[in-house]
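The chain is numbered in sequence order, starting from 1.
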Amino acid sequence: TVKEIKIGEADPERNNVYLDGVSGDDSLDGKLGRAVKSFARAKEIATNNQKIKRIIVVGTTSIAGDISLAGTNAKILRGKDFNKYLFKVGARKKATLTDITIDGNSDENIGIENSLVSLEDKSELNIGNNAILRNNKIKDIQNTATRGGAVNASSATINMTGGSVENNQATYGGGIYLYRSIMNFSGGTVQNNKSNLVIDYDYGEQKYSAGGGILANEGSTINMSADAKVLNNYANEIGGGISLGSNQWGASNILKMSGGTIGNTAGSAGGGIFVQAKYYSGGASKAYIAGGRITNNQMDASGVTDKMFGGGGIYVNGANNNYNVQGANGELYLTNVVI
């Protein structure tokens with residue numbers, strides 16, 4: 001089909017490369033309907049043609065090794081009708097993001113159901129200088145807690161030394177969701193992400209909303225140090241910045257903070273940090289704070305659960321054993337601090 005183009009009118013498709021890790025073919029040129037399969041091939045095309053502005057992902061693409069768009073003028077963009085993960089790091093694989101923008105294109109796509117990046121069992125993701133993961137706002141799904149606006153890590157490791165995770169949205173972990181995972185966080189910023197409230201009417205009207213910035217869940221650990229920042233994130237319910245545990249009981253989660261800055265807002269408890277208790281099974285979560293700044297946080301009472309408890313900076317949940325729930329209090333250890 002020949003497209004009619006008026007004289008003087010640019011063809012916007014000339015500035016696009018299409019990437020489809022499922023059905024693409026690296027022998028093709030990346031034009032619309034002729035998607036390539038690998039990130040390396042898409043980058044090669046964008047490097048050879050500096051007019052390329054967008055690498056549009058229309059099929060989940062596996063990544064490993066150094067993933068950078070240095071030397072191009074392109075950014076990664078979610079296809080406007082594509083709602084799955086853009087990238088996945090496969091089991092036992094390792095990927096490093098630097099000098100790259102990965103954009104969820106939420107302005108044009110209101111049906112997003114998955115994170116930008118999925119981390120599979122024993123995989124590792126490094127987020128370094130000038131790596132920006134942004135604008136991936138997962139839609140609210142009835143009776144379901146969505147996970148990880150930017151990154152969904154399952155039994156994996158995230159090492160963040162730079163870059164930014166920003167303007168993303170999910171029910172659990174507006175920016176980053178950790179499931180039995182480790183996040184070593186020494187630089188960069190997790191900012192302006194949001195955890196929306198979803199009510200599960202199939203489960204006794206259970207309320208879901210935890211971790212506007214980061215949710216550590218089911219036995220996860222966050223090691224926060226140096227110049228790491230968790231700023232201006234919001235959770236409708238608990239843990240505006242960081243939530244250790246969710247609205248549902250589970251295994252113990254750990255925060256070890258020796259540096260960095262936390263400044264966020266929650267609707268019900270723990271504007272900066274929420275530390276979950278144990279009820280029935282699993283374990284209580286624990287925070288060990290020996291450095292850094294927890295400042296300008298608030299609980300704004302806009303939530304629907306337990307907002308009488310507050311905790312602008314930090315809220316530590318307790319367990320009421322009146323009904324034989326086999327509970328245990330969350331734990332907070334503060335060393336050499338000024339409140």
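Ser268 and Glu237 share a side-chain donor-acceptor pair at under 3.5 Å. A donor atom on one side chain and an acceptor atom on the other are not found under 3.5 Å apart for Ser186 and Thr161. Side-chain atoms of Asn192 and Glu166 include no donor-acceptor pair closer than 3.5 Å. For the residue pair Asp25 and Ser27, a side-chain donor N or O sits within less than 3.5 Å of a side-chain acceptor on the partner. Side-chain polar atoms of Asn159 and Glu124 form a donor-acceptor pair below 3.5 angstrom. Between the side chains of Ser164 and Thr189, no donor N or O sits under 3.5 Å from an acceptor N or O. Side-chain contact check for Asp103 and Thr101: no donor-acceptor pair (N or O, by modelled atom type) lies under 3.5 Å. Side-chain contact, Asp26 with Ser38: a donor N or O sits under 3.5 Å from an acceptor N or O. Counting only N and O atoms by type, the side chains of Tyr333 and Glu331 include a donor and acceptor under 3.5 Å apart.
A donor-acceptor contact shorter than 3.5 Å is absent between the side chain of Asp99 and the backbone of Asn130. Remark: side-chain polar atoms of Ser115 are not paired, donor with acceptor, to backbone N or O of Gly149 under 3.5 angstrom. Using modelled atom types, no side-chain atom of Asn16 and backbone atom of Ile56 make a donor-acceptor pair closer than 3.5 Å.
Within 6.0 Å of atom CG in Asn296, 12 or fewer heavy atoms from other residues, nucleotides or ligands are found, so the atom counts as exposed in its surroundings. For CG of Asn48, the number of neighbouring non-hydrogen atoms (other residues, nucleotides, ligands) closer than 6.0 Å is greater than 12. No more than 12 heavy atoms of other residues, nucleotides or ligands shown are found within 6.0 angstrom of NZ on Lys88.
Heavy-atom minimum distance, Ala287 versus Leu244: CB-CD1, 4.1 Å. For Ala266 against Gly240, the heavy-atom pair with the smallest separation is CB-N, 3.6 Å.
Both Ile222 and Val117 belong to a single network of hydrophobic side chains, linked directly or stepwise wherever heavy atoms of I, L, V, M, F, W or Y lie under 4.5 Å apart.
One finds the CD atom of Gln169 at 9.5 Å from the CG atom of Asn136 (value rounded to the nearest 0.5 Å).
Residues Tyr203 and Asn143 form no side-chain contact, since every pair of their non-hydrogen atoms from C-beta on lies 4.5 Å or further apart.
Salt bridge present: Glu113 and Lys139 bring a charged side-chain N and a carboxylate O closer than 4.0 Å.
Just one residue in the list Val230, Ile242, Asn223 forms a side-chain contact (heavy atoms from CB on, under 4.5 Å) with Phe185, and that residue is Val230.
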